[in-house]
Visitor: 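Have a look at this one.
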Amino acid sequence: MNKLFFELGRYILFVRSMFLKPERFKIFFERTVHEMNNIGVGSIGIVTIISVFVGAVTTLQTAYQLVSPLIPMKVIGTIVLDSSLLEFAPTITCLVLAGKVGAHIASEVGNMRVTEQIDALEVMGINSSGFLGLPKIIAGVIMIPCLIIVANFLMISGGILAASLTDLMPPNEFIQGARETFKMFTVVVSMTKALVFAFIITSMSTYEGYFTEGGALEVGEAGTRAVTRSCVIILFADFIIAKLML
Amino acid sequence: MIELVNVNKSFADKQVLFDINAKFEPGIPNLIIGASGSGKSVLLKCMVGLFKPESGSINYDGRDFVHLPYKQVREVRREIGMLFQANALFDSLTVEENVDFPLKMFGKLTPDECKDRINFCLSRVGLENANKKYPAEISGGMKKRVGIARAIALETRYLFCDEPNSGLDPINSRRIDKLLHDITNEFKITTVINSHDIKTVYDIGESITFIYRGKVWWQGHRNDLDNTRAHNPELDAFIRASQF
Ligand SMILES: Nc1ncnc2c1ncn2[C@@H]1O[C@H](COP(=O)(O)OP(=O)(O)OP(=O)(O)O)[C@@H](O)[C@H]1O
Ligand SMILES: [Mg+2]
């Protein structure tokens, strides 16, 4: 319990310290763009694969559960749209990104810690937490919601594709079902989740890397810890957001 | 000049440094020697502000580094260059980008002037043809020299080196020693070097601080070493262990 409070306090101080003493804007901007490329562009492939399959599978399984002839097929469209927007696109995608982006960030920063590169930054008079962490967080908070938007579209497309390939219903029926009950608010919830999860992934993994102690072995452990902790906190935050907003 | 007054440092309940008093002059290499675990690295890290001592002051030409507000600490730090034991080169940057890094962060030079400065620093340490290489692609001795070039890029006034010879063969060790000696002399830098290497001590030790179990045991010139040994058993043991 003590350890939990220690870590929580250290995490809060760490995040706060990032916002003190920014460095030159030009360098900061360059680093942010670089990280946006790493985090965003580098993850499009995996996000595409996951989204299409999750959308397709959700459609088939919803169809399997709705066996009653009284319920029109287009309801599947409604259900797939809502569950994608509300839960699958932000949460599943972010859990996977926690694995990909989080492990990468934690091992990069952890390696800089154990090879004294972070000390070197500090000795030069650079605010190392801000220099390393802030561009990653900003890049994540910009790019991950973009990825979630893409994931939303791809999940619906995956659903439509699965429905028409298996002769469940034609695309326009699916779309009609999806549009009938569409509420803008679900998009707001989806984006809120994306923003919060993006912050959790990037800040947690920078934090884990930054406080690595030891050598190569501990860098690996920091990577694992970053992923597991981000995942748990994402699920926890997911619950809270659902409770507060819905 | 750097002056330490009654510096104490402990970790948890273990005291590592006891009332350190020492002076380090510009223009000559100031060596800190002592057995493994005596507290040399901790002392160096206190001096550059990576550790905060519990008490005492560290004066950089009259500026008390320990008690300055953060903004001024950063000012002092821009005058500090440090060569780390494991080099601490940024491994995502090339050799020339590493040297450029402090210039880009703090320098007021135009891109052309930066280029000249980078080339000057790299040629000063004898590395002309490695500009585009990454740290992983060059040898240990070359990494040290890149580290030195980066440390002096911003017209450094204070240079700290933690065991600059560790992991180098004798020829490269002497080269690094000579380089540090010459740079210190040429630019009138206050240079503080942690060393295990007794050969370095006899070669360039114009000011030597011997640390024994976290205390300053002796300070003096290399010419006085042999006289002092006779009545300083700890110093004698340290030198004898190095087969001299
Ligand atoms: N971060 C730390 N936390 C706790 N104790 C530390 C820490 N750093 C160093 N120490 C302790 O301080 C003592 C002095 O260590 P230091 O690294 O300064 O030795 P050294 O003289 O540099 O040795 P070497 O020549 O092997 O590098 C050691 O006993 C070490 O255990
Ligand atoms: Mg040491």
Visitor: Mind ranking B:I80, B:L89, B:L154 by heavy-atom pairs under 4.5 Å with chain A and telling me who comes out on top?
Guide: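 Greatest number of close heavy-atom pairs with chain A: B:L89.
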
Visitor: Between B:E75 and B:K71, is there a side-chain N and carboxylate O pair less than 4.0 Å apart?
Guide: no

Visitor: Would B:R150 and B:F101 count as a cation-pi pair here, with the cationic atom under 6.0 angstrom from the ring centre and within 45° of the axis?
Guide: no

Visitor: Taking every non-hydrogen pair under 4.5 Å, which of B:M105, B:M82, B:R78 racks up the most with chain A?
Guide: B:M105

Visitor: Determine, for A:K26 against A:E30, whether the closest basic-nitrogen to carboxylate-oxygen distance falls under 4.0 angstrom.
Guide: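 Counted as a salt bridge, because a side-chain N and a carboxylate O are separated by less than 4.0 Å.
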
Visitor: Using a 4.5 angstrom heavy-atom cutoff, name the option from B:V73, B:V76, B:L50 with the most pairs to chain A.
Guide: B:L50

Visitor: With a 4.5 angstrom heavy-atom cut-off, is it the side chain or the backbone of A:N127 that approaches chain B, or both, or neither?
Guide: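 Both backbone and side chain of A:N127 come within 4.5 Å of chain B.
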
Visitor: List the steps, then state whether ring-ring contact (aromatic ring centres under 6.0 Å, His included) holds for A:F28 with A:F131.
Guide: CA-CA 7 Å; A:F28 180 77; A:F131 180 78; 9.0 Å; no

